[in-house]
Colleague: 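Here it is, the structure, as structure tokens.
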Amino acid sequence: MRRPITISSKPTFLRLYKALYKAFGPQQWWPGETPFEIVVGAILTQNTNWRNVNNAIQKIKQAGLMDPMKLHAHYRRIPALIRTAGFYRSKAKCLRAFLKYYIEKYGARTEAFAKKGTRAIRKELLSIRGIGPETADSILLYALRRRVFVIDAYTRRILSRHDIIEHDLPYDVLQQTIQKNLPASRKIYNEYHALLVRTGKEFCKKNEPLCNACPLGTMLPRA
DNA sequence: ATCCGGACCA
DNA sequence: TGGTCCGGAT
């Protein structure tokens with residue numbers, strides 16, 4: 001029986017964050033050069049490691065297509081360009097759907113896109129097939145610098161293994177819980193997610209987690 | 001060979 | 001609830 005921690009453990013989320021920051025330092029996310037490139041990366045990184053995504057991004061750049069109008073004009077080339085990111089057919093469709101939306105609604109202009117409220121943009125993004133909550137929130141946080149906490153598989157795994165949250169809470173519930181228990185800081189949200197991803201990849205593996213070597217190893221709930 | 005990861009669909 | 005989409009790391 002897991003018990004979700006809420007009010008009584010408000011400092012817990014921050015303690016974890018501080019431990020990770022101390023261990024790993026700032027993660028310098030997101031590595032994309034422009035908001036558009038960050039959107040592309042956010043879509044491509046679904047179910048994939050960043051290394052494979054970066055490969056695809058370089059391909060797009062080498063083709064001179066890291067631009068919404070150009071990429072849309074050559075959308076038939078997208079599957080081949082992004083193949084290494086995996087799920088390339090679905091992701092190509094998603095990319096194309098985003099491009100259509102971005103061009104038709106905002107003239108492919110970041111400033112126009114970024115003018116809208118966070119909730120409105122989130123709703124619009126979620127209506128695009130292939131963009132779910134994590135991808136939408138990644139775009140909001142990292143491309144548009146909105147104060148939104150991104151939930152992913154690593155977040156669920158790390159926090160639930162530490163008995164801080166229940167693993168199966170719905171995305172939005174989990175997001176609200178975390179945001180309520182953290183300072184309302186965009187920079188902390190940015191850094192925290194990046195630190196959780198790093199921790200998940202390196203230590204909090206799905207099978208055989210490396211708790212002894214993990215910076216959070218001493219903060220484990222009593223077994 | 002098996003593992004890993006978001007979103008959608010039936 | 002379980003299947004499907006995918007390539008690259010291990």
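The structure displayed is predicted, hence computed values, not measured ones. Convention: sequence-line order gives letters A, B, ...; per-chain numbering from 1. The figures here come from the full heavy-atom set of this structure, side chains too, leaving out hydrogens, waters and symmetry mates.
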Colleague: Could you tell me from which nucleotide to which nucleotide of DNA chain B, 5' to 3', there is an atom under 4.0 Å from chain A heavy atoms?
Modeller: B:dC3 to B:dC9
Colleague: What about A:Phe13 and A:Tyr192, are their ring centers closer than 6.0 Å?
Modeller: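 They do not qualify: ring centres at least 6.0 Å apart.
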Colleague: Rounded to whole Å, how long is the line connecting atom CD of A:Glu208 with atom P of C:dA9?
Modeller: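 So the two atoms are 20 Å apart, to the nearest Å.
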Colleague: My understanding is that only residues two or more places apart in sequence, or in another chain, count here; which of them pass salt bridge (charged side-chain N to carboxylate O under 4.0 Å, His left out) with A:Glu208?
Modeller: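 Scan of A:Glu208 (salt bridge (charged side-chain N to carboxylate O under 4.0 Å, His left out), adjacent residues dropped) gives none.
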Colleague: Which part of the nucleic acid does A:Thr45 contact within heavy-atom distance under 4.0 Å: base, sugar-phosphate only, or nothing?
Modeller: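 The residue A:Thr45 makes no contact with any strand.
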Colleague: Distance check needed: C:dA9 P versus A:Asn54 CG, whole Å only.
Modeller: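 So the two atoms are 12 Å apart, to the nearest Å.
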Colleague: Throw together a table of side-chain donor-acceptor distances under 3.5 angstrom for residues 133-146 of chain A, partners on residues two or more places apart or in other chains.
Modeller:
unit_1   : atom_1 : unit_2   : atom_2 : d
A:Thr135 : OG1    : A:Gln46  : NE2    : 2.8
A:Asp137 : OD1    : A:Arg122 : NE     : 2.7
A:Asp137 : OD2    : A:Arg122 : NH2    : 3.0
A:Asp137 : OD2    : A:Tyr171 : OH     : 2.7
A:Asp137 : OD2    : A:Gln175 : NE2    : 2.8
A:Ser138 : OG     : A:Glu134 : O      : 2.9
A:Tyr142 : OH     : A:Asn190 : O      : 2.8
A:Arg146 : NE     : A:Leu144 : O      : 3.3
A:Arg146 : NH1    : A:Lys116 : O      : 3.0
A:Arg146 : NH1    : A:Thr118 : OG1    : 3.0
A:Arg146 : NH2    : A:Ala114 : O      : 2.6
A:Arg146 : NH2    : A:Lys116 : O      : 3.0

Colleague: Once rounded to the nearest 0.5 Å, what's the spacing between atom CD of A:Gln179 and atom CZ of A:Arg147?
Modeller: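 One gets 6.5 Å once the value is rounded to the nearest 0.5 Å.
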Colleague: Judged by modelled atom types alone, do A:Gln176 and A:Asp172 share a side-chain donor-acceptor pair under 3.5 Å?
Modeller: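 There is no such pair between these side chains.
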Colleague: Is it true that A:Lys61 and A:Glu33 have a side-chain N and a carboxylate O under 4.0 angstrom from each other?
Modeller: yes
Colleague: Taking any heavy-atom pair under 4.0 Å as a contact, classify A:Asn55: base, sugar-phosphate, or nothing.
Modeller: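 Since no nucleic acid heavy atom lies under 4.0 Å of A:Asn55, the category is nothing.
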Colleague: Between side-chain atoms of residues 70-77 of chain A and protein atoms elsewhere (two or more places apart, or another chain), which donor-acceptor pairs fall under 3.5 Å?
Modeller:
unit_1  : atom_1 : unit_2  : atom_2 : d
A:Tyr75 : OH     : A:Arg96 : NH2    : 3.3

Colleague: Could you tell me whether A:Arg157 contacts a base, only the sugar-phosphate backbone, or nothing, with contacts defined as non-hydrogen atoms closer than 4.0 Å?
Modeller: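 Sugar-phosphate, backbone atoms only, no base.
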Colleague: Whole-Å distance between C:dG8 P and A:Ile82 CD1?
Modeller: 12 Å
Colleague: For nucleotides 4-6 of chain C, tabulate all protein N/O to nucleotide N/O atom pairs closer than 3.5 Å, reporting atom names and distance.
Modeller:
unit_1 : atom_1 : unit_2  : atom_2 : d
C:dC6  : OP1    : A:Arg89 : N      : 2.9
C:dC6  : OP1    : A:Arg89 : NE     : 3.4
C:dC6  : OP1    : A:Ser90 : N      : 3.4
C:dC6  : OP2    : A:Arg89 : NE     : 2.9
C:dC6  : O4'    : A:Phe87 : N      : 3.1

Colleague: Who pairs with A:Gln28 by side-chain hydrogen bond (donor to acceptor under 3.5 Å, both in side chains), at least two apart in sequence or on another chain?
Modeller: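 Per chain and number, A:Gln28 pairs via side-chain hydrogen bond (donor to acceptor under 3.5 Å, both in side chains) with no residue.
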